[in-house]
Chemist: 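Next up is a structure, given as C-alpha cells.
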Amino acid sequence: METKLTRIAELAKQRPRVKLQTLIHAIDEESLNAAHSILSADKAVGVDGVTKEEYGEKLQENIKNLLERMKRQAYKPQPVKRVYIPKTDKKKRPLGIPAYEDKLVQKVLNEVLTAIYEPEFLDCSYGFRPERNCHEALKEITKILESKKVSYVVDADIKGFFDNVEHGWMVKFLQERIQDPNLLRLIVRFLKAGVMEQGKLEEADTGTPQGGIISPTLANIYLHYVLDLWFMVKIKRECRGEAYLIRYCDDFVCFFQYQEDAEDFYGKLIERLRKFNLEIAEEKTKTIEFGRFAEERRNNQGASKPETFDFLGFTHYCSKSKKGKFRVKRKTSRKKLRAKLKHFAGWLYQNMHTEIGKLIKQINIKLVGHFRYYGVTDNSSAINTFGYYIRRKLFEVLNRRSQKKSLTWEGFAKLKDRFPLAKARIYVNIYG
C-alpha cells in the first residue's frame, strides 16, 4: 500500500498539471486489511450495527466480497447514523457515525486523496494534513504579527461549512486532478449516501459525509480552490500592502497592512463564498486593528488597547515581552475554558463511583490532553486555573459519593499524594 501511495504522490508532484488516472486500484485487499488493523475498536456502530470485532471474524471473506461489489459498481455506502451529543449551551450537536465497512473504504480513499493533494495544498493550510497541526499554525501567526507589516486582522467564520459544501463544485474541483471515473463515482456516492435518523432517511444534496474520515480532506480540497488559491493569486496581488492567510480546515484568519485592504477583502469574501454556496457568519466575523503598529498608533492617540481575536481555542491579544518589546500572547478563550470545565464536571459526576485509583488515572489522561493542547507559551495562568478548578470539582464529587460528607481537605491532600493529579505545564514553545 505504501508503495502505491508513494507512486501516486510522486506522480502528483511530478505532473502538477496532469489529471491522474487508474487510482481505484489503490483500494485493494492489502490496503483494506491495513485500514482494518488501524481503525479503533471502541467506536460507536453505524446503521448496520456491525462492530470492528464482528467484521473481523470473517475479515478476508468480507473484504473479498466488498472488492467484488466495487468491481461490479454495486458497492454503495450506507447512510450515516445521526446521533446527538449535548453542548454546553443546552443545545445538541449532531454527530454522524458511518457503518464500519464504509469507514474501511473511507480510510483508504482518504490516504489516496492525501497522496494526490498534499503537493497541491498551500503553506497557509494547516488542518488535517500530515506533519501539520494547530500549534504550527499558532507559531506562524506569531511570526506574521511580530515580524511582518500588518496592522489589521479579519477574523472570519463560515456558517455551517460542512453542511453546505456544494456537490457540483466539489466534483469540479476533484476533476482538476483526478480523471479516474471509478474513484470519482465512489466519492460522489459517499457524498450522496444521506443520513439515517430514527429510522428515517434524509437524502444529502449538499455537504460532506457526517463523521466521515474523508470529510476534512474534502473540506481542504474545497477551500483550497474557493479560498486559498483565490487569496494568494488575486487578493494579495490587488492589495496595496502586505497580506497573509492562515487556515485550519474551515476556520481562517487574515492579516493586512492597510485598513482599506482588509475592508475590501471582507466585501469580496462575502461575494466569493456566495458563489460556492457558502456564507459568512456575520456575528462571528470582524475586522480589528491589531499588531505592534496598531498598538503604537492607538497609544499615541490615547485610545484603548487593540481588540482581541479568537482562533483555534485561544484568545490572541497584544502585549509586551519582559524586555518591553511587542509580543502577541494567547490564552485559552473564555468560551472554551467554560465549556471544558462544564464538560469535565459532568463527566466527573457520571463517573463518581468509579474506584478511586482508576478514576484518577482517567482524570489524568484528560488533564494531560488539555495541557498538551493549551499548554503553550504565555498560557500558564489559564491552564493552572483549569487544573485548580478540576481539583476543586473532584473534591466536591468525592464528598457526594455518600450522603455524609466524609472527606476533608487534609484527607484530600493525602489522597493526592497517593494518587497524584497531573500538573499543568507548558508543552509547546511558540518560539521554539
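Positions are given from 1, in the same order as the sequence printed here.
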Chemist: Considering only distance and modelled atom types, tabulate donor-acceptor pairs under 3.5 Å from the side chains of residues 147-164, sequence neighbours left out.
Modeler:
unit_1	atom_1	unit_2	atom_2	d
S147	OG	K143	O	2.4
N164	ND2	G160	O	2.7

Chemist: Is there a ring-ring contact (aromatic ring centres under 6.0 Å, His included) between F265 and F256? Walk through the geometry before answering.
Modeler: CA-CA 9 Å; F265 164 74; F256 297 90; 5.3 Å; yes
Chemist: Does the distance from a Lys or Arg side-chain N to an Asp or Glu carboxylate O, for K335 and D310, drop under 4.0 Å?
Modeler: no
Chemist: Once side chain to side chain donor-acceptor pair (under 3.5 Å) is applied, do any residues pair with Q78, and if so which ones, sequence neighbours excluded?
Modeler: none
Chemist: Quick one: is the NZ or CZ of K286 closer than 6.0 Å to the six-membered ring centre of F309, and within 45° of its axis?
Modeler: no
Chemist: In chain order, what residues pass the side chain to side chain donor-acceptor pair (under 3.5 Å) check against R274, with sequence neighbours excluded?
Modeler: E271
Chemist: Applying side chain to side chain donor-acceptor pair (under 3.5 Å), name anything that partners H224, two or more places apart in sequence or on another chain.
Modeler: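 Listed in chain order: nothing, the list is empty.
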Chemist: Using the test side chain to side chain donor-acceptor pair (under 3.5 Å), find all partners of E197 that sit at least two apart in sequence or belong to another chain.
Modeler: R82, Y84
Chemist: Mind checking side chain to side chain contact (heavy atoms under 4.5 Å, CB included) for A74 and listing every partner two or more places apart, or none if nothing turns up?
Modeler: R69, R72
Chemist: Can you say whether the rings of Y55 and Y100 are parallel (under 30°), tilted (30 to 60°) or perpendicular (over 60°)?
Modeler: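 Geometry flag for Y100 against Y55: tilted rings.
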Chemist: With a sphere of 6.0 Å drawn around OH of Y388, does it hold more than 12 non-hydrogen atoms of other residues, nucleotides or ligands?
Modeler: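 Open: at most 12 neighbouring heavy atoms sit under 6.0 Å from OH of Y388.
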Chemist: Are any of the side-chain nitrogens in D378 or R327 under 4.0 Å away from the carboxylate oxygens of its partner?
Modeler: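 Yes, D378 and R327 are salt-bridged.
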Chemist: Between the side chains of D123 and R129, is the shortest nitrogen-to-carboxylate-oxygen separation below 4.0 Å, so that they form an ion pair?
Modeler: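 No, no charged N to carboxylate O under 4.0 Å.
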